[in-house]
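Input: a single structure, listed below in structure tokens.
Every value quoted in this text rests on a predicted model; they were computed, and no experiment measured them. All values below come from the heavy atoms of this structure, side chains included, with hydrogens, waters and symmetry mates left out.
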Amino acid sequence: MTAPSTSMPVAGLVPAPRQEDAPADLLVRNAKVFTGDPGRPQAHAVAIRDGRVAALGDDHDLAPLVGPGTKVVNALGRRVIPGLNDSHLHVIRGGLNYVLELRWDGVRSLRHALAMLREQAGRTPKGQWIRVVGGWTAEQFAERRMPTVAELNAAAPDTPVFVLHLYQSALMNRAAVQAAGFTRETPDPRGGQIVRGRDGEPNGVLLAAPGALILYSTLAKAPALDEADKRTSTRHFLRELNRFGLTSAVDAAGGFQNFPDNYATVVDLARWGELSLRIAYHLFPQTAGQELADLKRWTEMVKPGDGDEWLRLNGAGENLTWAAADFENFSEPRPELGAFEPEFEKAVRLLLENGWGFRLHATYDETIRRDLAVFEKLAAEGLFPGDSRWLFDHAETVSADSLDRIAALGGALSVQNRMSFQGTAFRDRYGAEAAAHTPPVRAMLDRGLAVAAGTDATRVSSYNPWVALHWLVTGRTVGGTALAPAGTLIDRETALDLYTRGGARLTGEQDVKGSLREGWYGDLAILSDDFLTVPEHAIPDIESVLTVVGGRIVYASAEYAGLDEAVPPVSPEWSPVAHFGGYQSGARQASLVAEAVAESEQHRRWRVARGSTPETPPSFIDPCFEH
């Protein structure tokens, strides 16, 4: 600002006379600052200059840093935290598709979800699909059930509808079955099932049995955006992440994300200075049988660390070879993997000999133990522990012995809140005792392991980091089911550390990112509610009211609306995001929830009277085949 404003959020300090120190570009004052720095955990003001923290202290201490060009933001006593960092987010793939998706993230009733779908069908042009792709589970709905195929057909009789449910299944209406080309003659793909009716025709249900390839390959048949709309889509997805205080993410690559083609959009945005989120990315071989060739080619093209503080290569993974990857579909038994070790060992050796770090998808301890045996063999040659960073992702059932072996080999872990969405399915299969320690975050930290937190969004968990933070500190699913007892949980400051400094450790940026310290990146968020004191049930409703990345205000709402950078309008105009936005805040839907609960109870009593459901239902009803 060139002069003090009379509006409350940016008023209160008068530009000081010229000081020996250069003026700050941005000053956030009147705040409760949690710095994340154990040596100086609290402050009331933060000054940022040239993208870095210039000073912390009290309002009076930092007043001399206000110059004619300093933008002064009054936090109005709110909590300020270091910018959040999701250590496992499919941000690149998510950005390329965001504006095409009808997000049910945060929607609290199926009735509301179906109303959104019905409305979207009225504006979706011929040839396009309606896609509900992750971020929800039936447990979050007041009705405690999934939609039926019949309901999808009624809501959108002519527009293809594809609804992905976790890693488990997908529902398709008649129009989508036809658009995907499924007929009675279509064979089931390996590891998946096209469910059929008595007449042999596909009935609109796809099952991951146990792998999700059938779900993702079917989704890939829907039309994609053109290059210009991919850029707009990515910018709006990054703005949506900024909405929740995210300032960094580690992209875990994934299926259908080819390098370099599918990375071109974020590369262009970085070149033009239009990224609003710092991204460290990984490379993931896409074709089984071709993994070693891909990895070898990449080690000759690029190297970890290439890029800058906004976009940089971090390593390989989360798969190195397809045969070594297990599946996280807790509605199915744990998959038995074949003999993957010979090719997997070659891949790991190639990476380490070329100075590449990596991350590994591993859900089950049985997979982790086999991976560790390969690493221990290479350790005899001096390749472990080495200079390259490596980690296991997910690790839901990792054992105490495996944690000790990971520590000995210099590894780290990235955990996600997949149990927020799949926890009841896990508990029903493996029991309450196993679910209470899945994943064993406290045991990881007690061993001094480097641990970071994230979501694994967008195709299963929601990208909302506060849902993940709620799970970390409460052990509860999005439907409120308690899985973990108090003794296995972590406190709020520890959880925040996993979501800030934790991610920075995985990318080697722990000396510049994750805390608010002088000389470190000027990344912060002013929160709508104080994470450190708000009641537990309200944690998922937290948002940022102002998010700063490198001194740039990249998101602003409430009193600060209009202070952030402009982004182009959502395109295409019929996009679900243009009309519904992304994550659905619970407050927006409260009036619909009571109606949905009453309707659901009336329907349940009718079913009990007919004898089609027990008087006392199971803890979680998932009638996905009632269509």
Side-chain angles (χ1 to χ4, degrees), residues 93-94 96-107 109-136 138 141 143 145-166 169-184 186 194-197 201-207 214-226 229-230 232-233 236-237 256 458-459 569-584 589 592 596 624-627:
R93 185 177 66 195
L96 296 178
N97 298 283
Y98 176 62
V99 300
L100 290 173
E101 296 171 353
L102 177 66
R103 303 301 305 184
W104 283 354
D105 306 49
V107 174
S109 77
L110 178 58
R111 180 176 181 170
H112 183 195
L114 290 171
M116 294 168 67
L117 197 155
R118 188 177 302 108
E119 182 182 336
Q120 183 59 33
R123 68 171 64 95
T124 302
K126 185 176 178 61
Q128 276 290 350
W129 295 26
I130 299 174
R131 307 156 224 220
V132 179
V133 186
W136 70 281
F141 293 146
E143 298 89 338
R145 68 174 182 88
M146 289 174 63
T148 66
V149 170
E151 287 171 323
L152 301 188
N153 285 327
D158 302 313
T159 305
V161 175
F162 179 95
V163 178
L164 179 70
H165 181 236
L166 308 177
S169 60
L171 302 179
M172 306 170 70
N173 67 348
R174 260 186 238 100
V177 171
Q178 294 171 0
F182 292 148
T183 68
R184 67 166 60 232
T186 305
I194 302 170
V195 181
R196 305 168 197 275
E201 295 289 344
N203 65 13
V205 177
L206 304 179
L207 294 181
I214 184 176
L215 312 180
Y216 299 160
S217 60
T218 302
L219 178 61
K221 296 180 180 183
L225 294 167
D226 62 27
D229 282 343
K230 286 178 181 177
T232 301
S233 178
H236 277 275
F237 184 48
F256 299 90
T458 59
R459 291 188 171 175
V570 173
S571 177
E573 291 183 359
W574 56 265
S575 161
V577 172
H579 298 271
F580 299 111
Y583 189 93
Q584 299 290 300
Q589 311 166 64
L592 298 175
C624 66
F625 301 116
E626 294 182 12
H627 47 77

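The minimum heavy-atom distance linking Tyr98 with Val577 is given by the pair O-CG2, 3.4 Å. Across all non-hydrogen atoms, the minimal contact from Ala175 to Pro157 is CB-O, 4.3 Å. Considering all non-hydrogen atoms of both residues, Phe182 and Leu206 come closest at CE1-CD2, 3.9 Å. Smallest separation of non-hydrogen atoms from Ile194 and Pro202: CG2-CB, 3.8 Å. Closest approach of Thr183 and Thr186 over heavy atoms only: N-OG1, 2.9 Å. Ser217 approaches Phe256 most closely through the heavy-atom pair CA-CZ, 3.8 Å.
In this structure, Ser575 has no side chain to side chain donor-acceptor pair (under 3.5 Å) partners at least two apart in sequence or on a different chain. With sequence neighbours excluded, the residues satisfying salt bridge (Lys or Arg N to Asp or Glu O under 4.0 Å) with Arg123 are Glu119.
Side-chain contact check for Val133 versus Leu100: every heavy-atom pair is 4.5 Å or farther apart. The shortest side-chain heavy-atom distance between Val205 and Leu171 falls under the 4.5 Å cut-off. Between Val99 and Asp229 there is no side-chain heavy-atom pair separated by less than 4.5 Å. Counting only heavy atoms from C-beta outward, the side chains of Leu110 and Glu151 approach each other to under 4.5 Å.
Note: Arg131 CZ to Gln120 CD = 10.5 Å, rounded to the nearest 0.5 Å. Leu152 CG to Arg118 CZ: the interatomic distance, rounded to the nearest 0.5 Å, is 10.5 Å. Taking CZ from Phe237 and CD from Glu101, the interatomic distance works out to 8.5 Å, rounded to the nearest 0.5 Å. Atom CD1 of residue Ile130 and atom CH2 of residue Trp574 lie 9.0 Å apart, to the nearest 0.5 angstrom. Atom CG of Leu219 is separated from atom CG of Leu164 by 7.5 Å, given to the nearest 0.5 angstrom. Note that CZ of Phe141 is 14.0 Å distant from CZ of Arg111, once rounded to the nearest 0.5 Å.
Under the 3.5 Å distance criterion, the side-chain polar atoms of Gln128 are left unmatched by any main-chain donor or acceptor of Pro125. Checking side-chain atoms of Glu573 against main-chain N and O of Ser571 turns up no donor-acceptor pair under 3.5 Å.
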Take Asn203 and Val149, measure what side chain to side chain contact (heavy atoms under 4.5 Å, CB included) needs, and give me the verdict at the end. CA-CA 8 Å; Asn203 65 13; Val149 170; 5.8 Å; no
Evaluate Thr218 against Met172 for side chain to side chain contact (heavy atoms under 4.5 Å, CB included), listing each step before the verdict. CA-CA 10 Å; Thr218 302; Met172 306 170 70; 3.8 Å; yes
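When the shell of 6.0 Å around CZ of Arg174 is examined, it contains 12 or fewer heavy atoms from other residues, nucleotides or ligands.
Aromatic pair Trp136/His165: ring centres closer than 6.0 Å.
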